[in-house]
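Worth knowing before you read on, the calculation uses all heavy atoms, side chains too, and leaves out hydrogens, waters and symmetry mates. Position 1 is the first residue of the sequence; numbering continues from there. Note that the structure is predicted; figures quoted are calculated from it, not measured.
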Amino acid sequence: MISVKRRGAARLAAAVLASGLAAAGAIATAGPAVADDAPPAHSGVTATLGGLKVYDQAVIHDNGRNQKIGAGLFEMAVDKGGALQTYCIDIHNPTQNQAKYQEVPWSQSSLHNNSDAGKIRWILQNSYPQVNDLAALAQKAGAGTLTEKTAAAGTQVAIWRFSDHVKVDAVDPAAEKLADYLEKSAQNLEEPTASLTLDPPAVSGKSGSKLGPVTVHTNAQSATVTPAADAPSGVKVVDKSGKPVTSAPNGSQLFFDVPAGAEDGSTSLTVQAATKVPVGRAFTGIGEHAKSQTQILAGSSESTVSAVATASWAKQGAVPAVTAEKDCAKGGVDVTASNKGDEAFHFQLGGKDYEVAPGKSETVTVPVAEDQSYEITVKGDNGFSKKFTGVLDCKTAGNGGSTPAPSAHPSPASAGGTGGDSAGDTGGDLAETGSSSATPMIAGVAVALVVIGGAAVFFLRKKKAGVTQ
C-alpha cells in the first residue's frame with residue numbers, strides 16, 4: 001500500500017528482471033501472471049473487488065514519516081451471485097481495480113507464518129460489521145460514539161497491527177480507542193474451514209472400477225453435483241454403494257464409475273452450493289491480479305461457491321493424477337503425482353526423473369521466488385503433460401525485505417469510495433497509497449522513454465549523416 005511509485009516500480013523491475021532469467025533445467029520460469037492452470041485448483045469462492053466502501057482515515061508511521069490512508073471495508077461481488085465484505089491484511093501492497101480474487105487457506109497467503117493470524121479472526125468476529133450494535137461496541141471499547149465509518153477504520157487499524165505488524169493509528173479518537181481495545185482483547189482462534197473444497201481434486205484408476213473417493217468439505221447444508229457435459233458415455237458419478245448422486249452434504253464421498261472396456265480418457269465433476277463464506281477466510285488475487293493486496297473476510301451474504309474434481313483412467317499401464325498447490329511455508333509449489341495403474345509412472349520435473357510405483361504417490365516442491373510468475377510442466381510416460389501456472393505471493397511487503405517509505409502525497413484512489421475524515425479531506429481506497437493505476441502509468445512512461453530515446457538516436461544519426469554529406 002505504501003508508495004505506489006516505489007512499490008509499483010519495484011514490482012515492475014522485478015518482473016522485467018525475472019523475464020530475463022532462465023536457468024538451465026529450471027522449472028519455475030518468469031512470465032506474465034496468469035490463472036492457475038487446472039480447474040481442480042478452483043474451489044470455494046471467486047469474486048471481483050469493488051472498492052473501499054465504508055472507511056475513515058488512518059496514519060501509518062514508517063521510516064520517520066507519517067502517511068495518511070483510507071482504512072475500512074472493501075466490497076466484493078461474488079461470481080454467480082453474492083457479496084462479500086473484506087479488510088486488508090497486506091498494507092504495503094496496492095489493490096488493483098476490479099481485481100479477481102480466490103478464497104484460499106491461510107497456508108497459501110501471507111498469514112501462513114503469522115502467529116497472530118488467529119487474533120485477526122477474533123477481531124473480525126467481535127467487531128464491525130459482525131457486531132452491528134455500534135453503541136454496545138463503543139461502550140465495550142470506551143470509545144464514546146462510533147459510526148460505521150469510524151468502526152470500520154478502528155477495526156482495520158487493529159487488524160493491520162497483527163497482519164503487518166506496523167505502527168498505525170486511526171485519525172478519529174473513537175476509532176483509535178476501538179483499535180486499542182481490539183488489539184488488547186484479541187485471542188488466538190483457529191483458522192475457519194473452507195466454504196467448499198474437494199479432496200483430492202484429481203483421481204485416477206483403471207476402467208471397470210470406481211475412481212475415488214473425492215470427499216466433499218463444505219459448510220453448506222448440501223451441494224449439487226454435476227458431471228461434465230461431455231463425460232464419456234457410461235461414466236457416472238456415484239456414492240460408495242454405486243448409486244448415482246446429484247447432491248452431497250459435508251463429508252460425502254464421490255466416485256467416478258467407469259465401465260469396463262471404456263476407452264482410455266478423462267472427465268470431471270462440479271460441486272456447487274449456496275452458503276455464507278466463514279469469517280476469517282483469506283482471499284488472494286488471481287490471474288493478472290495475482291499481486292493485488294491480500295484480503296480477509298469480514299462478512300458474507302449467501303454466495304455461490306463451487307469446486308471441480310477430475311478423473312482419468314486407462315485399461316492398463318500407469319494411470320497418473322497430478323495436482324499442484326502453493327506452499328508458502330516452503331516458498332514454492334507442491335506438485336503431487338499419484339499412480340493408480342498397474343505399472344510405474346515415470347515423469348520429469350525440473351530436469352530430474354521421478355518414478356511413482358503403482359498405488360503410490362510422490363510430492364516434489366518446486367522453489368519459486370516471491371512475487372514471481374511460474375510455469376511448471378510435468379511430462380511423463382505415453383505423452384503425458386500437465387502444466388500449472390500462477391504467481392507466488394506469500395508475503396506482505398514489509399516481511400520480505402525493506403519496507404517502502406510513505407509517499408508525501410497519496411495518489412488517487414483506484415477503486416472508488418465515498419468516505420472521508422471529519423476535517424473534510426477526501427478519502428480513498430486502501431490503494432490510494434499504492435494504486436494500481438500507477439503501474440500502467442509507470443510502464444507507459446517507460447515505453448514513452450524508449451520511444452523518445454529511439455527517436456533521439458534516429459534524429460541524431462540523421463543530423464550527423466547530413467553534416468558529413
Side-chain angles (χ1 to χ4, degrees), residues 1-4 7 47-60 62 67-76 84-104 106 109-111 114 116-117 119-121 123-124 127-129 149 151-171 175 178-179 182-183 279-285 289-300 393-399 403-404 406 410-411 413-417 419 427-436:
M1 287 236 353
I2 294 297
S3 182
V4 63
R7 178 67 172 172
T48 302
L49 185 69
L52 190 65
K53 300 299 183 182
V54 182
Y55 64 95
D56 202 77
Q57 302 294 304
V59 177
I60 302 175
D62 189 50
Q67 173 67 55
K68 183 183 285 188
I69 59 171
L73 275 172
F74 284 92
E75 289 184 2
M76 291 189 187
L84 308 176
Q85 292 176 304
T86 61
Y87 285 108
C88 164
I89 52 171
D90 193 5
I91 194 171
H92 293 292
N93 195 10
T95 56
Q96 295 182 23
N97 193 28
Q98 294 295 300
K100 296 284 291 185
Y101 278 81
Q102 170 74 51
E103 176 188 351
V104 297
W106 289 355
S109 76
S110 58
L111 296 178
N114 189 330
D116 291 324
K119 293 181 179 180
I120 297 172
R121 189 186 180 197
I123 291 171
L124 293 166
S127 191
Y128 181 77
K149 292 179 181 179
T155 305
Q156 176 66 91
V157 166
I159 289 171
W160 276 332
R161 292 173 181 175
F162 289 123
S163 65
D164 295 79
H165 299 102
V166 291
K167 294 180 179 179
V168 56
D169 299 314
V171 170
L178 175 61
L182 294 172
E183 180 184 13
V279 169
R281 290 293 287 172
F283 281 78
T284 57
H289 306 117
K291 296 177 184 178
S292 191
Q293 68 180 206
T294 307
Q295 305 277 313
I296 194 164
L297 190 73
S300 169
D393 191 6
C394 294
K395 300 177 182 178
T396 63
N399 65 18
T403 302
S411 57
S414 67
D429 76 57
L430 292 177
E432 68 180 346
T433 54
S435 169
S436 63

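Remark: side-chain polar atoms of Ser292 are paired, donor with acceptor, to backbone N or O of Gln96 under 3.5 angstrom.
Of all heavy-atom pairs between Lys291 and Asp393, the closest is CA-OD2, 3.6 Å. The shortest non-hydrogen separation linking Tyr128 to Ala151 is CB-CB, 3.8 Å. Ile123 and Thr155 get closest at one heavy-atom pair: CG2-CG2, 3.8 Å. Closest of all the heavy-atom pairs between Gly70 and Trp160 is O-CH2, 3.8 Å. Here the shortest heavy-atom pairing between Gly280 and Arg121 reads CA-CG, 4.4 Å. Of all the heavy atoms in Leu182 and Gly154, the pair that sits closest is CD1-O, 4.4 Å.
A distance of 12.0 Å separates CG of Leu84 from OH of Tyr101, quoted to the nearest 0.5 Å. Lys119 contributes atom NZ, which lies 10.0 Å from atom CG of Asn114 (distance to the nearest 0.5 angstrom). How far OH of Tyr87 is from OG of Ser127: 6.0 Å, rounded to the nearest 0.5 Å. Note that the OG1 atom of Thr86 and the CD1 atom of Ile296 stand 9.5 Å from one another [nearest 0.5 Å]. If you take CG on Asn93 and OG1 on Thr396, they are separated by 9.0 Å, rounding to the nearest 0.5 Å. How far OG of Ser163 is from CD of Gln156: 7.0 Å, rounded to the nearest 0.5 Å.
The closest side-chain heavy-atom distance from Ser300 to Gln85 is not below 4.5 Å. Between Thr294 and Leu111 there is no side-chain heavy-atom pair separated by less than 4.5 Å.
Ion pairing between Asp169 and Arg161 holds under the 4.0 Å rule for side-chain N and carboxylate O.
Test Leu49, Ile89, Thr95 against Gln293 for side-chain contact (heavy atoms from CB on, under 4.5 Å) and you get one pass: Thr95.
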